[in-house]
Amino acid sequence: MNLEKLENELVEALRLAATSLPKDVQEFLEKAYEKETNPVGKAQLKAILDNVFYAREKKLPMCQDTGIQTFFVVAGYDFPHLKQIPKIIEKAVIRATKEVPLRPNTVHPFLEKNPGDNTGRFIPYINWSFVEGSELKIYCLPKGGGSENMSTLAMLPPGKGLKGIKEFVVEHVYKMGGKPCPPTILGIGIGGGADIAMSLGKKAILRKLGERHPEDFVAKFELEILEAVNKLGIGPMGLGGDTTVLDVHVEYAHRHPASLPVGIVVQCWADRRAVVKVGEDGNVEVMQ
Amino acid sequence: MNITLPISEEEVRKLKAGDVIYITGKIFLARDAAHKKLLSLSDEEVPINPKEMAMYHCGPVVKKEGNEWKVVSAGPTTSARMEIFEYEFIKRFRVPIIIGKGGMGERTQKALMEFGAVYTAYTGGAGALAAKAIKRVVDVYFLDELGMPEAVWVFEVENFGPLTVAMDSHGNNLYKDVQDKAAKRKEEILTSL
């Protein structure tokens, strides 16, 4: 297969993610705008939608915080070029930073230096998972700092159960107010351990809006949380309104008998994603 | 409502929480590092006159085309981080209008009341729309020292908005109103879970 083409398509995927909001998110924002009863909230949603259309038309980053470039790679065990993938991703990030352009967002935590190209120690960060076959999928999730700062973890006493999880989420959405740029999307990871719950929460963000968890009891739990948090009335940008959260996605792992870890990963309305798929025939495709 | 800068204290005090305004004139950008930097300088060293502008909490994406800077995307950043500087900043520089997102705390509210200023909310993430209203990059200071997102950029803007006056000089705070109501609703929600 043509590895140069993969790099080019990855640059295009990063451009697409930064400049063009996925259609499912846009539709949810449009629905929220139509049914909003608070004039201040409605004006905020109008500005968000105007911005989305203008950014797509002019191919401009919809938000100046173009995020830390994060990748989820789902690789077939038989994909032939695994070894080259990290380098290709890094090169694509450096190019996209110049070409789109993206804001240089990587800062050394000790030396406070910014290399200016969105790379650094462990960044771009790659989450790997492996499946049967020889295909490759690279999910791009450029995520802004404002919403990431609102992500949180609770190690609940298991006795609190599902009701305890709901209470934790409602309290947290209340506490966040307008800070994560609502209307937001919540990725909630339950079980595993502290790191696993956070990681599941982040993976949950990759799911399309409106797509429910395949197990009915989890799907029902997602909708119950969504209904509860939207009763708070925090609204778009925390200025008041009916839609505070667009959707809730839950993923879970089995837990230790003594632990009930709950990770909440918060995504702003600019829920930017893109996928690059390499087929068995080596054909490269960018999707959203 | 359209506002042309500079604006007098008397005019600023007429603005009320809930008003929607559009700004024309000069604005300067300041995030955490720029607040720290400007406050560390002597009056002679401060390169701008904040009193005649609006201050925007923003770290933009800017690119150079030939000799000119062009703004690509420039939405607001979370204002709460600047709470530790803002009272001092408003007191010293008398900046009349602050633009940001997410609202600020009690010390900033106190400064708005004492010195006659307002905090306005611009839609978070609306970076492309903001860039559309920025007509020109007038200047940039401390770019090498602070980097692109943290430097003090001066922009000329035309009908920059919509900006919702969220905290006014009379002590009104939209965010606080919303949170107070949400606190009551939260108790109802938690009992019904």
Side-chain angles (χ1 to χ4, degrees), chain A residues 18-19 39-40 43-48 50-52 54-58 60-66 98 100-105 107 114 116 144-146 149 163 166-167 170-171 173-174 177-182 224 228-229 231-241 244 268-270, chain B residues 17-18 20 29 33 58-64 70-81 100-103 121-132 146-150 161-164 166 174-193:
Chain A
T19 60
V40 180
Q44 295 299 317
L45 287 164
K46 169 89 169 40
I48 288 173
D50 285 350
N51 180 65
V52 166
Y54 186 71
R56 188 180 288 135
E57 184 199 325
K58 300 283 180 190
L60 292 171
M62 64 189 84
C63 177
Q64 75 293 335
D65 183 357
T66 49
K98 268 195 192 151
V100 175
L102 307 174
R103 195 173 75 183
N105 267 347
V107 181
N114 184 332
N149 283 348
K163 187 166 177 258
K166 283 186 189 168
E167 284 168 358
V170 169
E171 288 283 0
V173 172
Y174 164 72
K179 286 200 276 289
C181 280
E224 284 166 1
V229 291
K231 280 188 196 152
L232 287 168
I234 288 164
M237 296 302 145
L239 291 165
T244 308
C268 57
W269 66 257
Chain B
V20 175
L29 273 53
C58 168
V61 181
V62 188
K63 68 174 174 187
K64 206 156 201 178
K70 202 164 175 280
V71 181
V72 178
S73 195
T77 193
T78 305
S79 299
R81 294 197 317 273
K101 76 172 168 87
Y122 187 62
T123 309
L129 199 66
K132 197 179 169 186
L146 305 179
M148 186 198 288
E150 300 279 353
L163 307 173
T164 305
L174 273 192
Y175 292 103
K176 197 171 171 296
D177 294 349
V178 170
Q179 284 301 111
D180 287 349
K181 268 187 218 158
K184 280 186 200 134
R185 289 178 183 168
K186 189 185 72 175
E187 295 315 312
E188 290 165 24
I189 296 166
L190 291 179
T191 51
S192 70
L193 286 178

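So that the names make sense, note that chain A is the first sequence line, chain B the second, and so on, each numbered from 1.
- Shortest non-hydrogen contact noted between Thr78(B) and Gly146(A) is OG1-CA, 4.3 Å.
- At a 4.5 Å heavy-atom cutoff, Ala131(B) makes no contact with chain A through either its backbone or its side chain.
- Inter-residue side-chain proximity for Gln179(B) and Ile234(A) is flagged as met; some heavy-atom pair is nearer than 4.5 Å.
- Partners of Tyr122(B) under the ring-ring contact (aromatic ring centres under 6.0 Å, His included) rule, at least two apart in sequence or in another chain, are Phe160(B).
- Annotation for Lys231(A): atom NZ counts as buried by contact number, over 12 foreign heavy atoms lying within 6.0 Å.
- When all heavy atoms of Ala126(B) and Trp269(A) are compared, the pair lying nearest together is N-CZ2, 4.2 Å.
- Top candidate by heavy-atom pairs under 4.5 Å with chain A, chosen from Ala80(B), Gly102(B), Gly59(B), is Gly59(B).
- Only the backbone of Ala74(B) comes within less than 4.5 Å of a heavy atom of chain A; no side-chain atom from C-beta onward does.
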>> Applying side-chain contact (heavy atoms from CB on, under 4.5 Å) to Leu190(B) and Val170(A), what does each step give before you reach the verdict?
In response: CA-CA 8 Å; Leu190(B) 291 179; Val170(A) 169; 4.1 Å; yes
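- When all heavy atoms are compared, the tightest approach of Ala228(A) to Ile189(B) is O-CD1, 3.3 Å.
- Atom CE in Met148(B) sits 9.5 Å away from atom CZ in Arg103(A) (nearest 0.5 Å).
- Within the model, atoms CG of Asn114(A) and CG of Leu146(B) stand 12.0 Å from one another, a figure rounded to the nearest 0.5 Å.
- Nearest heavy atom pair, residue Val72(B) against residue Pro61(A), reads CG1-CD, 3.4 Å.
- Proximity to chain A (any heavy atom under 4.5 Å) is shown, for Lys132(B), by both the backbone and the side chain.
- Thr123(B) places none of its side-chain heavy atoms less than 4.5 Å from the side chain of Asn51(A).
- Of all non-hydrogen atoms in Val61(B) and Leu102(A), the two that sit nearest each other are CG1-C, 4.5 Å.
- For Asp50(A), the parts sitting under 4.5 Å from any heavy atom of chain B are the backbone and the side chain alike.
- Of the atoms belonging to Pro104(A), heavy atoms from both backbone and side chain fall under 4.5 Å from chain B.
- Closest non-hydrogen pair, Ala55(A) versus Ala128(B), comes out as CB-CB, 3.7 Å.
- For Ala47(A), the parts lying near chain B are the backbone and the side chain together; criterion is any non-hydrogen pair under 4.5 Å.
- One distance of note links NZ of Lys46(A) with CG of Leu129(B); it measures 8.5 Å at 0.5 Å rounding.
- Gln64(A) has its side chain out of reach of Val71(B): every pair of non-hydrogen atoms, C-beta onward, lies at least 4.5 Å apart.
- Thr244(A) is linked by a side chain to side chain donor-acceptor pair (under 3.5 Å) to nothing, counting only residues two or more places apart in sequence or in another chain.
- Both the backbone and the side chain of Lys186(B) come within less than 4.5 Å of a heavy atom in chain A.
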